[in-house]
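Below, all heavy atoms of this structure are taken into account, side chains as well, without hydrogens, waters or symmetry copies.
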Amino acid sequence: MIARYTRPAMGAIWTDQRKYECWLEVELAAAQALAELGEVPPEAAQALRAHAAFDLERIQEIESEVRHDVIAFTTAVSETMQAKGAGDASRWLHYGLTSNDVVDTAQALQIRDASGLILKGLDALSEALRKLAFEHRHSVQIGRTHGMHAEPITFGLKAALWWDEFRRQRTRFAAAAEELRVGKISGAVGTFAHIGPEAEEKICSRLGLKAAPITSQVLSRDLHAHYIATLAGIAASLEKIALEIRHLQRTEIREAEEPFSAGQKGSSAMPHKRNPIVSEQICGLARLVRSNAQAAFENVALWHERDISHSSVERVILPDSTILTDYLLAKTTWLISGLVVDPDRMLRNLNGTKGLIFSGQLLLDLAAAGMLREEAYRLVQGHAMRAWKSDGDFLALIQQDAQIRSYLGESELADSFSLDRQLKHLDAIFNRVFQPAS
């Protein structure tokens, strides 16, 4: 991923230097476990732990010749052992392992570390959403369906809905990350021909991983596909928030907008512009994360016990998906934390259709008062369409209708057009969302 969208801590996990450090962790854990099982001389395992190292440039130099990154790595480590006078011990490096015992297990370490950062990002966003929800719990806003005014909500309810969605996303992601916290040291076709299951369990345990129950030469890629699909789900929910803010920032709505710093400029040609650039960026980059999910699912089917068609893809989609998700979570948290909300504008917009949004309640009240529902619908819709076309006052039209007034008096009509009545269950919703039953 390009530096523009890479936060330092996440980017560091996916550098070549860190990748080879993880490879070396696996190799040293293997040597130590095998020494405990009597398959590697203890002094050799100790020498490897004390002296094994690598130079990144040397690995790259060797790989350019041998065209195999694991061989280049083990050769470079052996050279450092030789240079430190421990060359004999290097024959126990990579003992009994195949390349993907190292690569897949080390990659699990990188994914584990990346997942830890993403979980922190999810927690920070959830806290920002919770704060926004309670801050605007009673900020009345028009709810919109199909982009049109529907019935009243509050902005706090909108934020609470987002919070609830990210509670689910965190649960899904934590489960997917835990499922992928597995290693494999089962050999070239998964049969433990050279190292037994007990050694695999010891090695994985040393690394803070679980041993996969069964593998071929590689971990089954449904694990990785599910993980990236979960990231794609997070990205979709982030886009949901950003898209809503883009709509609410539109000139004719202006109910909420992104922070706009003192020296910021919105357009090279139009000085008045305050564009929702961060929200648009979130929407755009979310598409990349979701597109990577398709590539991850394509990686599930490999030839027989393994080919390398998945390898080149994962060199791109695993770093890019985690880096982008980390970046998007941080950007969305910034957006939510600094969001400029205008409750007065919300109320003005809500009142802009002069009572039309209470047509549903009026319909119910007429039916409850004894009017046939079909007749009530005809009358209410007729007045609503007249008010719509003339930009008139819907309540005034209703008050002038003798047939309606024969069923509903002044106090009953006031109740039909009551905001408090529409939002009477607000506290119950908040209690259900933020204090769920155990």
Side-chain angles (χ1 to χ4, degrees), residues 1-32 45 47-84 86 89-90 93-94 97-121 177 180-181 183-185 203-204 206-209 218-219 224 227-228 231 292 308 310-327 330:
M1 179 49 57
I2 63 175
R4 184 181 184 92
Y5 306 126
T6 303
R7 292 181 357 123
M10 182 63 83
I13 292 172
W14 295 107
T15 62
D16 284 344
Q17 178 69 27
R18 180 56 187 155
K19 177 181 73 174
Y20 292 126
E21 288 172 358
C22 289
W23 287 15
L24 188 57
E25 287 181 38
V26 174
E27 295 282 7
L28 295 177
Q32 189 64 48
L48 285 167
R49 176 66 65 180
H51 302 297
F54 62 86
D55 177 77
L56 181 58
E57 290 185 2
R58 180 56 182 152
I59 292 175
Q60 293 168 341
E61 180 182 353
I62 298 169
E63 186 181 0
S64 68
E65 177 185 349
V66 302
R67 300 177 64 81
H68 194 293
D69 54 358
V70 177
I71 292 174
F73 165 75
T74 56
T75 301
V77 174
S78 295
E79 288 179 352
T80 65
M81 295 288 291
Q82 189 71 37
K84 294 176 182 178
S90 67
L93 176 74
H94 203 65
L97 305 181
T98 191
S99 295
N100 270 280
D101 289 337
V102 177
V103 173
D104 267 10
T105 305
Q107 184 170 262
L109 298 178
Q110 291 176 282
I111 293 171
R112 178 197 63 193
D113 293 345
S115 298
L117 294 180
I118 290 171
L119 285 169
K120 288 180 180 179
L180 196 42
R181 190 175 60 83
K184 62 87 58 185
I185 311 289
I203 295 165
C204 288
R206 280 183 170 275
L207 296 167
L209 303 175
V218 295
L219 291 167
H224 303 73
Y227 179 84
I228 293 183
L231 293 179
N292 286 343
I308 64 166
H310 68 290
S311 177
S312 56
V313 179
E314 287 179 1
R315 290 174 192 264
V316 175
I317 64 174
L318 283 170
D320 281 10
S321 297
T322 51
I323 287 170
L324 281 173
T325 302
D326 175 64
Y327 179 84

| task | Indicate the ring-plane relationship of Y327 and Y5, choosing parallel, tilted or perpendicular according to the 30° and 60° boundaries. | result | perpendicular

| Would D320 and R315 pass as an ion pair if we require N to O under 4.0 Å? | no

| field | R18/E25 salt bridge by N-O under 4.0 Å criterion | value | yes

Over all heavy atoms of both residues, which pair between [X] and [Y] is shortest? Give the atoms and the distance, please.
X	Y	result
V316	P319	O-CD, 3.5 Å
A76	I62	N-CD1, 3.8 Å
A52	L24	O-CD2, 3.7 Å
M81	A89	CE-CB, 3.9 Å
L207	R112	O-NH1, 2.9 Å
A108	L209	CB-CD1, 4.1 Å

Taking side chain as C-beta onward, heavy atoms only, is [X] less than 4.5 Å from [Y]?
X	Y	result
Y227	S321	no
D69	W23	yes
E314	Q107	yes
I203	Q32	no
L48	L93	yes
V70	N100	no

Is it the case that the side chain of [X] and the backbone of [Y] share a donor-acceptor pair, with hydrogens and angles ignored and the cut-off at 3.5 Å?
X	Y	answer
T75	A72	no
D113	Q110	no
K184	L219	no
T80	F54	no
R181	G208	yes

| task | Would you kindly say whether H94 and E27 are connected by a side-chain donor-acceptor distance under 3.5 Å? | result | yes

Drop me the distance from [X]'s [atom1] to [Y]'s [atom2], to the nearest 0.5 angstrom.
X	Y	atom1	atom2	result
W14	T6	CH2	OG1	12.5 Å
I13	M10	CD1	CE	5.0 Å
S64	I59	OG	CD1	12.0 Å
T325	L117	OG1	CG	11.5 Å
Q60	D55	CD	CG	9.0 Å
D16	E57	CG	CD	12.0 Å

| request: I would like to know whether I118 and T322 meet side-chain contact (heavy atoms from CB on, under 4.5 Å); could you show each step before the answer? | output: CA-CA 8 Å; I118 290 171; T322 51; 4.1 Å; yes

| message | Within a 6.0 Å radius of atom CD on Q17, are there more than 12 heavy atoms belonging to other residues, nucleotides or ligands? | response | yes

